[in-house]
Amino acid sequence: MARQHREFQQGLSQGVSGDLPGEDIFNDDRPDPAAPGGSILFALPGTLVDWDPRRALVGHYPDGVVDMVLDPEDPWGFACVRRQINLGVDPQQALADYETTHGPAVAWVVRVCLENYTLAVKGLLPGASDLLGDLRRAGLTLWGLAATTSQLTEAVSDVLSPLSALKGVLISSEEHLDLSDPLFYRLALRRFAISPGHTIFVDADPEHVAMADRLGMEGIVARDISSLRQLLHQRGIDC
């Protein structure tokens, strides 16, 4: 039997209840008890959420400094700090690690970014709330995998309140897993009691979509709500 999942306003997370030994509890030869009409698993914030870390620094530092700190090509840069925190590492420890390679002055910029990080989340992407409503009316059950922390989701719960349309969300910092790890996807399938063959996975990152495909889900790469609607229509979903 599927477990009850808390609403977004209550944290959108559940703790892990042990490891995952043995065979998965789902079976592709029967309908999903939790989602008889099929499921869509969204990666967050990559698909539904209007998220940009630059917003946390704009007005505090020149654009050149912001570009340097948020450089995605820096292997020990802000993306590394963010991933550590999203995996449950204490932010102070993540900052200390960052300072060893970038120095205290640059580390302070990252500290400011983290202190203002709620500004990075503006809300849902245009059209996302309507899409969620349409998908639910079409009989789909909606879930999420979130690369974030429960503290951030609680802090921005008002602007993301339409995400209560998701029946359940696993949060990376609570599970100590992220979207680069196939176990995060397997855990979602088990926790939500849904079958990969009855599940569409949506993300803007092709590597994450490829991982979901390898686990038996049908992956969709979608970078905006309009294109996502078109891709779902092509799969016979009335939304």
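What you see below is based on every heavy atom in this structure, not just the backbone, and it leaves out hydrogens, waters and symmetry mates.
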Quick one: do I225 and L124 satisfy side-chain contact (heavy atoms from CB on, under 4.5 Å)? Show the steps, please. CA-CA 10 Å; I225 301 302; L124 263 61; over 6 Å; no

For the OG atom of S39 and the CG atom of L140, what is their distance to the nearest 0.5 Å? 7.5 Å

Should the ring pair W143 and F192 be called parallel, tilted or perpendicular, given that the plane angle runs from 0 to 90° and is split at 30 and 60? parallel

Thinking salt bridges, do R55 and D50 make one under a 4.0 Å N-O criterion? yes

Applying the 4.5 Å side-chain criterion to the ILVMFWY set and letting contacts propagate, would L114 and V58 be lumped into a single cluster? no

Any side-chain heavy-atom pair of L187 and L170 under 4.5 Å: yes

Which distance, rounded to the nearest 0.5 Å, do you find between the OG1 of T118 and the CG of L152? 7.5 Å

Is it the case that more than 12 heavy atoms not belonging to R136 sit under 6.0 Å from its CZ atom? no

Between K167 and T141, which heavy-atom pair has the shortest distance, and what is it? CD-CG2, 3.8 Å

Is R54 salt-bridged to D67, going by a charged N under 4.0 Å from an acidic O? yes

Rounded to the nearest 0.5 Å, what separates atom NE2 in H233 from atom SG in C239? 4.0 Å

Any donor-acceptor N/O pair, R186 side chain to P182 backbone, under 3.5 Å: no

Could you tell me whether the side chain of V112 reaches within less than 4.5 Å of the side chain of Y61, counting heavy atoms only? yes

What's the spacing between R190 CZ and L183 CG if we round to 0.5 Å? 10.0 Å

Donor-acceptor contact present, side-chain S172 to main-chain T148, <3.5 Å: yes

Indicate, with yes or no, if L135 and L231 share a hydrophobic cluster defined by side-chain heavy-atom contacts under 4.5 Å among Ile, Leu, Val, Met, Phe, Trp and Tyr. yes

d(L87 CG, S173 OG) to nearest 0.5 Å is 8.5 Å

Any chain of hydrophobic side-chain contacts (each under 4.5 Å) joining I85 to W76? no

Could you give the distance from CG (L125) to CH2 (W51), rounded to the nearest 0.5 Å? 12.0 Å

Any Lys/Arg nitrogen of E175 or R191 sitting under 4.0 Å from an Asp/Glu carboxylate oxygen of the other? yes

Which heavy-atom pair separates G46 from A204 by the least distance, and what is that distance? O-CB, 3.6 Å

Is it true that the side chains of D224 and S227 contain a donor and an acceptor less than 3.5 Å apart? yes

Residue pairs passing the salt bridge (Lys or Arg N to Asp or Glu O under 4.0 Å) test with at least one member in residues 73-97, sequence neighbours excluded, are R83-D178

Side-chain contact test, heavy atoms from C-beta onward, threshold under 4.5 Å: evaluate it for N86 versus T149 and give yes or no. yes

Between M68 and V106, is any pair of side-chain heavy atoms under 4.5 Å apart? yes

Which pair of heavy atoms, one from L189 and one from S195, lies closest together, and at what distance? CD2-C, 4.2 Å

Between R111 and Q92, is the side-chain contact (heavy atoms from CB on, under 4.5 Å) condition met? List the steps. CA-CA 9 Å; R111 182 182 297 276; Q92 295 305 316; 3.3 Å; yes

Among residues at least two apart in sequence or on other chains, which ones pass ring-ring contact (aromatic ring centres under 6.0 Å, His included) with Y185? F201

Taking C-beta and beyond as the side chain, do V69 and V110 meet within less than 4.5 Å on heavy atoms? yes

Backbone N/O of G219 and side chain of D213: donor-acceptor pair under 3.5 Å: yes

If you look at every heavy atom in L132 and A165, which pair is closest and at what distance? CB-CB, 4.1 Å

Does the side chain of V202 reach to within under 4.5 Å of the side chain of L41, using non-hydrogen atoms? no

Same cluster (ILVMFWY, side-chain, under 4.5 Å), F42 and I237: yes

Linking I/L/V/M/F/W/Y whenever any side-chain heavy atoms sit under 4.5 Å apart, do V89 and L179 land together? no

C80 and P75 have their tightest heavy-atom pair at CB-O, 3.8 Å

What pairs with F184 under ring-ring contact (aromatic ring centres under 6.0 Å, His included), at least two apart in sequence or on another chain? none

Please lay out, stage by stage, how L163 and L44 fare under the test side-chain contact (heavy atoms from CB on, under 4.5 Å). CA-CA 10 Å; L163 286 184; L44 306 172; 4.3 Å; yes

Under 4.5 Å between any side-chain heavy atoms of L57 and L119, yes or no? no

For D238, does the CG atom have more than 12 heavy-atom neighbours from other residues, nucleotides or ligands under 6.0 Å away? no

Looking at side-chain heavy atoms only, is the closest gap between I220 and R235 below 4.5 Å? yes

Smallest heavy-atom separation, D130 atom then R229 atom, equals C-NH2, 3.6 Å

